[in-house]
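Below is one structure, written out as structure tokens; comments come after it.
Counting starts at 1 for both ligands and their atoms, following the listed order.
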Amino acid sequence: MSRLIVISNRVSAGGGAAGGLAVALMAALRENGGIWFGWSGGRTDHFTGHINFHIEDDVRTATIDLEDQDIEEYYNGYANRTLWPLFHYRIDLAEYERSFAGGYRRVNERFAETVLPLIEAEDHVWVQDYHMLPLGADLRGHGVTNRIGFFLHIPWPPRKLLMTLPEAREMVEMLFAYDLMGFHTQEWLESFCDFVREELGGTISEDYVATLGDRSLKLIACPVGIDAREFAELASSTTAHETCQRVKDSAVGRALMVGVDRLDYSKGLEERFLGYERFLTEHPEERKEVVLLQIAPPSRGAVESYQRIRTTLEGLAGRINGAYAGLDWVPIRYVNQAYARDALAGVYRASRIGLVTPLMDGMNLVAKEYVAAQDPNDPGVLILSRFAGAASQMKEAILVNPHSAEELSDAMLQALVMPLEERKRRWTTMMEDVQRRDVMWWLKEFTAALAACRQHDEPEQIEGLPSDGAVEAQ
Ligand code: ADQ
């Protein structure tokens, strides 16, 4: 296969928060050769295009530093204060500032110019996520004719919401510089098609090739998975066993409900706490039988809406604990810390209920990790939001509307009293799919679809006709 040039905002080689995803991309880069290019996370006083090369686990990474203004406008600004809320249907939080849009375009152009000399003729380029929507067009502007694919890790918003973005049409037109665009679910893909048809007058073929003017873009729904085997192994590791035991001991025989999320308003944490409060009010007999452990490491602390959610949750946890706690029981344990993946696997395994209730989520890997970490002989129950991309695959979870405290409360009760046989049946079905469509499956699906695209400057072949001008001679 061709070498792969992976381009993403951050290069998380060697694991980190991206976990299985980074491991899978690293595996592909090791197998096919190539480079992982992105922002180092560091600052420079003056951007020169200097690249820092490293070899990590036999993979070549190339990173650049950005200027303060770049970070403010592109990362904290357009990526985190405009696109992230908008694409998660939160136009009430989205900020539309020309300086953010300008910084975003400038940084994408800087990425394009800098990565350019690293791209060889036969390489396949794979751009990741919403930080880099215009990068394909910028690369084409520099004459790159390689196959370029783009994968969106977050939802694609409904047309009318996207139209609140002043540069929406231009942005979507630029996406036609890519050859392939991947989404987690058919729903996000269809939303994209709707925009192309209704706002741009483009067409979509039966096999999901979008056409706009003389450009076509192949679209696929390709849900990301986890490294299920590795995660199940982690769950049987010594650290996981120890953590599992410690967490169980600390619950003193009570059933544990666990939530593990980045501290982000899209993850529905406030609504989850309210649902739990409702549960405690409606089912006094269950009080003291359960404990909610919420693990939520802070993220994007430079953005105000993220500071606000932290304060809100602390207040809510305090209120619920104040109202219900006894001498030997606290209903919510709220921990703002990141844990190693083996410890996390132990926490999942110790928990009778996994609470994954985002208000909107591209996929949500925690849902899959929770399932992969369970004891097959005594699996826990997954409560999953209908609005997570994962819900399109994990139908055996208890699916809930995370906005409804009543539904959350009912689901908690249903999960607590669910008989072992039903738990096993639901878990087995989900586990089979988590194993089958794992992260390597995702990677192969996408790279194979990219390889099947025509090279950008190749003439289109009309089926059944030779492409060498012999038509006239017939
Ligand atoms: P995220 O929004 O970051 O990713 P998610 O899919 O839930 O969300 O992945 C989070 C990862 O961080 C998981 O692997 C989880 O284990 C880890 N994590 C969370 N809390 C942790 C903690 N306290 N300690 C250690 N690790 C922790 C975006 C999209 C998602 C999409 C992914 C992948 O928003 O919808 O699933 O990309 O495409």
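Between Tyr370 and Tyr348, the ring-plane angle classifies as perpendicular under the 30° and 60° cut-offs. Note: Trp156 and Phe195 have perpendicular aromatic rings, judged against thresholds of 30 and 60 degrees for the angle between ring planes.
Using a distance-only test at 3.5 Å, with no hydrogens or angles considered, no donor-acceptor pair links the side chain of Tyr208 to the main chain of Leu189. Without hydrogens or angle criteria, Thr185 side chain to Trp188 main chain gives a donor-acceptor distance under 3.5 Å.
By the salt bridge (Lys or Arg N to Asp or Glu O under 4.0 Å) test, Arg300 pairs with Asp264, sequence neighbours left out. For Tyr74, there are no ring-ring contact (aromatic ring centres under 6.0 Å, His included) partners at least two apart in sequence or on another chain.
Between Ile226 and Asp438, the closest side-chain pair of non-hydrogen atoms is not below 4.5 Å.
Ligand 1 places these atoms under 4.0 Å from at least one heavy atom of Leu344: 16 (O), 25 (C), 26 (N), 27 (C). Under a 4.0 Å criterion applied to the non-hydrogen atoms of Gln337, ligand 1 contributes the atoms 23 (N). Of all the atoms in ligand 1, the ones that sit under 4.0 Å from a non-hydrogen atom of Ala338 are 22 (C), 23 (N), 24 (N). Atoms of ligand 1 found under 4.0 Å from any heavy atom of His153 (numbered from 1 in listed order, with element): 29 (C), 30 (C), 31 (C), 33 (C), 35 (O), 37 (O), 38 (O).
Note: an N/O pair closer than 3.5 Å links Met363 and ligand 1 by distance alone. The distance criterion of under 3.5 Å between nitrogen or oxygen atoms is met by Gly362 with respect to ligand 1. Inclusion of His88 in the set of residues having an N or O under 3.5 Å from an N or O of ligand 1 is not warranted. The shortest N/O to N/O separation between Leu365 and ligand 1 falls below 3.5 Å.
For the 3.5 Å distance criterion, the side chains of Gln128 and Asn9 fail to qualify, holding no donor opposite an acceptor.
Only the side chain of Lys267 comes within 4.0 Å of ligand 1, judged by heavy-atom distances. Contact annotation: for Glu369 versus ligand 1, heavy atoms closer than 4.0 Å belong to the side chain alone. Using a 4.0 Å cut-off between heavy atoms, Asp264 makes no contact with ligand 1 at all.
Distances from atom 20 (N) of ligand 1 to the heavy atoms of Val224, Ile226, Ile295, Val260 put Val260 nearest.
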- Task: Show the numbers, then the answer: is there a side-chain hydrogen bond (donor to acceptor under 3.5 Å, both in side chains) between Ser299 and Tyr306?
- Result: CA-CA 7 Å; Ser299 68; Tyr306 286 79; 5.6 Å; no

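At a 4.0 Å cut-off, at least one heavy atom of Trp84 sits close enough to ligand 1 to count as contact.
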